[in-house]
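Quick note on labels: first sequence line is chain A, next is B, and so on, each numbered from 1.
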Amino acid sequence: MAKNLTTRDEDYSKWYNELVIKADLAENSGVRGCMVIKPYGFAIWEMMQAELDRMFKETGHQNAYFPLFIPKSYFSKEASHVDGFAKECAVVTHYRLKTAEDGSIVVDQTAKLEEELIVRPTSETIIWDTYRKWIQSYRDLPLLINQWANVVRWEMRTRLFLRTTEFLWQEGHTAHATKDEAIAESEQMMNVYADFVENHMAVPVVKGLKTESERFAGALETYCIEALMQDGKALQAGTSHFLGQNFAKAFDVKFANKQGKQEYVWATSWGVSTRLMGALIMTHSDDNGLVLPPKLAPDQVVIVPIYRNDEQFDAVSEVANNLMKDLRAKGVRVKFDKRDTHKPGWKFNEYELKGVPLRIAIGPKDIEKGTVEMARRDTLTKEIVETTAVEARVEVLLEEIQDNLFTKAVNYRSAHTTQVSSYDEFKKILNEKGGFISAHWDGTSATEEQIKKETKATIRCIPLDTDNKAGRCIVTGNISARKVLFAKAY
RNA sequence: CGGGGUGUAGCGUAGCCCGGUUAUCGCGCCACGUUUGGGACGUGGAGGCCGCAGGUUCGAAUCCUGCCACCCCGACCA
């Protein structure tokens, strides 16, 4: 059993914070709102990056890198965009320090910048300023670029991975000749995200559209994927925006079409961030610690030796090393933990806390019988397996664990998605059960705002796979074209 | 930015109201020995600008003032 881990029932957010720290994923730094991502946490992020990067490239995108600093004036070019980010920007005003008379380090006031630089909260402006120079003809389109970067948003309140002042993400920025093509790109990337999150992270998502008030600053349409956490709160896991011609007009990005006529290009942007780590942790983990889906686990299998003396250790090691070699040849990520500084029991708990999907223990009894003990992290069950059968069994179990985690999460979500037909029922479900609430809404921002004020629930999305049955808004009783998905959100 | 709270060893803490020996305890750390199939035990040891600065006092972790940081609640969060 994990020592001192607060349970989810006791205090969910305390459980989350402790888990992040104890599983060695990240910790708070000396810098307000900024976290240190520790090696184990970063290894998981790298697994995510590698797969996403592969998917982006498979859909024709290329990576590039744009500056961290954006001149202030760039922001004023697209009005709604600056409105969305103005309140949370870090601003660079000086470029030099000096030693004061009392020996302290101070900002050199004579080194003031002509124009302040903004630490990017997102890169639309600098990228579109650059695209102007890259795009002249329809032959230059589509332009399909992604960048892996850090961004800064000066949030009032931060939480490890879920909302930090600085965070890591990827942002795709594409330019297209036609509106339809740009919309198709936004939809495609939403689907890529959904594919990744469901099939690699084993986290089920609802694909949908954001309402006008929840839309990205500067977008005409925001596609999103929404996931449900174990405490019944929703988490926006990724967004893909159709930007129309807003940025093309703001940054004067035109191309000559086949008829030689100048046209503004059509744009999209899309991103996912280290917040996905939060989604991964909160979806699968339990009171014993982290639970990782095999596809993203830095170590899929760990082998723990049990021995009393050198002779036994040598015998166990021989079996372990052979297993490791065979499993690695099959592409399984496996580690043999032969540290003599910790006891087996300590290691069992350690790997449980860190969410390693499969643990293999090999001791003197196993050597005698030609077996090993295998333990699953997701079900906490153990089985004895013939050494010769381990390789095949590992492959089966890794797949089973991946599927099981997804199925469990889907079941949880189904059990916590409620259809309601009145506002009273809505409030009751929200307070007593939480989760997604599917209800009719009259489509106005006023009603949406009223619900948010009165209940703290927001419209997570207008689901795309809904059956579009008309009805009456639960608040106003006005005509509603379809049900939308509400929840309290992170 | 408003309301509340907390800063004592790497971490978690006692002491603070009511000033007075060498600042308490647990975890962790180091050494040695016994241990090793679910977070071992014993013995010994190291580790402290008591958040920072000033003040009161013979004497301050303790009282006073200012500052800083963090946490919680609100506001904020495309």
Side-chain angles (χ1 to χ4, degrees), chain A residues 1-6 11 13-14 17-18 21-22 27-34 75 78-89 102 104 121-125 151 153-159 162-165 167 169 171 210-224 235-236 238-241 243 246 269-271 273 275 288-289 304-310 312-313 316 337-354 359-369 371-375 380 382 384 452-453 456 458 488-490:
Chain A
M1 296 299 109
K3 214 199 246 171
N4 299 329
L5 190 61
T6 301
D11 187 339
S13 59
K14 201 169 168 197
N17 279 326
E18 282 182 13
I21 305 276
K22 291 190 173 173
E27 63 189 28
N28 282 305
S29 70
V31 187
R32 199 202 85 108
C34 295
F75 276 86
E78 216 287 334
S80 57
H81 187 65
V82 69
D83 275 355
F85 289 103
K87 283 175 285 182
E88 51 187 43
C89 286
D102 67 358
S104 65
T122 180
S123 303
E124 273 77 7
T125 56
V151 288
R153 295 180 189 178
W154 214 264
E155 303 284 0
M156 298 307 257
R157 205 118 147 228
T158 59
R159 291 194 67 193
L162 296 172
R163 177 173 286 114
T164 47
T165 301
F167 56 93
W169 77 344
E171 47 182 325
K210 284 291 182 191
T211 61
E212 195 185 341
S213 63
E214 296 275 332
R215 221 173 263 160
F216 176 74
L220 296 188
E221 202 75 89
T222 289
Y223 295 85
C224 64
L235 183 75
Q236 177 177 297
T239 49
S240 177
H241 316 288
L243 302 173
N246 288 348
S269 70
W270 27 274
S273 70
R275 182 180 243 203
N288 297 315
V304 176
I306 296 157
Y307 56 93
R308 285 167 195 277
N309 51 49
D310 287 354
Q312 287 180 350
F313 177 72
V316 167
D337 185 353
K338 54 184 165 193
R339 286 178 297 175
D340 62 359
T341 49
H342 296 284
K343 293 174 55 178
W346 190 93
K347 291 177 184 174
F348 292 171
N349 283 287
E350 171 79 357
Y351 291 115
E352 220 155 83
L353 195 53
K354 290 192 156 187
R359 183 184 74 230
I360 296 177
I362 310 173
K365 290 182 217 160
D366 296 300
I367 298 296
E368 218 173 277
K369 287 182 275 185
T371 59
V372 305
E373 180 193 79
M374 294 184 60
L380 297 170
K382 293 178 189 175
I384 303 295
K452 185 177 173 181
K453 270 212 171 113
K456 290 188 174 170
T458 51
K488 284 187 189 165
Y490 275 98

Partners passing side chain to side chain contact (heavy atoms under 4.5 Å, CB included) against [X] (at least two apart in sequence or in another chain):
X	value
Ser123(A)	Arg120(A), Ile126(A), Ile127(A), Gln147(A), Glu171(A), His173(A)
Lys338(A)	Phe313(A), Phe336(A)
Val316(A)	Pro305(A), Ile362(A), Ile367(A)

Write down the distance between [atom1] ([X]) and [atom2] ([N]), rounded to a whole number of angstrom.
X	N	atom1	atom2	answer
Lys210(A)	C77(B)	NZ	C1'	12 Å
Trp346(A)	A40(B)	CH2	C1'	14 Å
Asn288(A)	G39(B)	CG	P	14 Å
Lys87(A)	C1(B)	NZ	P	17 Å
Lys22(A)	G28(B)	NZ	C1'	12 Å
Asp83(A)	C77(B)	CG	P	12 Å
Glu155(A)	A75(B)	CD	C1'	14 Å

Any protein N or O atoms within reach of nucleotides 31-37 of chain B? Criterion: under 3.5 Å, listing atom names and distances.
unit_1, atom_1, unit_2, atom_2, d
U36(B), OP1, Arg308(A), NH1, 2.8
U36(B), OP2, Arg308(A), NH1, 2.6
U36(B), O2', Tyr307(A), O, 3.3
G37(B), O6, Gly363(A), O, 3.2
G37(B), O6, Pro364(A), N, 3.1
G37(B), O6, Lys365(A), N, 2.6
G37(B), O6, Asp366(A), N, 3.2
G37(B), O6, Asp366(A), OD2, 3.4
G37(B), N1, Asp366(A), OD2, 2.4
G37(B), N2, Asp366(A), OD2, 3.1

So that I can compare with my own list, what are the stems of RNA chain B, taken as at least three consecutive Watson-Crick or G-U pairs with distances under 3.5 Å?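 Stems found: B:1-7 with B:68-74, B:10-12 with B:25-27, B:29-34 with B:40-45, B:51-55 with B:63-67.
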After noting the C-alpha distance and the side-chain angles of Lys365(A) and Glu373(A), does the key distance pass the salt bridge (Lys or Arg N to Asp or Glu O under 4.0 Å) rule? CA-CA 10 Å; Lys365(A) 290 182 217 160; Glu373(A) 180 193 79; over 6 Å; no
Assign each of Gly84(A) and Asn28(A) to its nearest nucleotide of RNA chain B by heavy atoms, then name whichever residue's nucleotide is nearer the 5' end.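 With Gly84(A) and Asn28(A) compared, the 5'-side residue is Asn28(A).
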For Phe216(A) and Asn17(A), find the nucleotide of RNA chain B closest to each by heavy atoms; which residue's nucleotide sits nearer the 5' end?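 Closer to the 5' end of RNA chain B: Asn17(A).
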Answer yes or no on whether Arg275(A) is positioned over the face of Phe167(A), meaning its NZ or CZ is under 6.0 Å from the six-membered ring centre and within 45° of the axis.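 Because its charged atom misses either the 6.0 Å distance or the 45° angle limit, Arg275(A) does not stack over Phe167(A).
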Go through the structure and list residues passing salt bridge (charged side-chain N to carboxylate O under 4.0 Å, His left out) with [X], not counting sequence neighbours.
X	answer
Arg215(A)	Glu221(A)
Glu27(A)	Lys38(A)
Glu350(A)	Lys354(A)
Asp337(A)	Arg339(A), Lys347(A)

Among G74(B), G38(B), G39(B), which nucleotide sits nearest the side chain of Lys456(A)?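 Of the options given, the side chain of Lys456(A) lies nearest G74(B).
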Any base atoms under 4.0 Å from [X], or only sugar-phosphate, or nothing? Heavy atoms, all strands.
X	value
Lys382(A)	base
Glu214(A)	sugar-phosphate
Arg159(A)	nothing

Each nucleotide N or O in nucleotides 8-11 of chain B that has a protein N or O under 3.5 Å away: list the pair and distance.
none

Using the side chain to side chain donor-acceptor pair (under 3.5 Å) criterion, which residues pair with Tyr307(A)? Sequence neighbours excluded.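 Counting only residues at least two positions away or on another chain, Tyr307(A) forms no side chain to side chain donor-acceptor pair (under 3.5 Å).
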With sequence neighbours excluded, tell me which residues meet side chain to side chain donor-acceptor pair (under 3.5 Å) with Glu214(A).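 Partners of Glu214(A) under the side chain to side chain donor-acceptor pair (under 3.5 Å) test: none.
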Pick the C1' atom in G33(B) and in C72(B), then give their distance to the nearest Å.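 Comparing C1' positions in G33(B) and C72(B) gives a spacing of 48 Å.
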Pick the P atom in U6(B) and in U13(B), then give their distance to the nearest Å.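 Going atom to atom, P in each nucleotide, I get 12 Å.
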How about CG on Asn309(A), more than 12 heavy atoms from neighbouring residues, nucleotides or ligands closer than 6.0 Å, or not?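 Buried by this count: over 12 neighbours within 6.0 Å.
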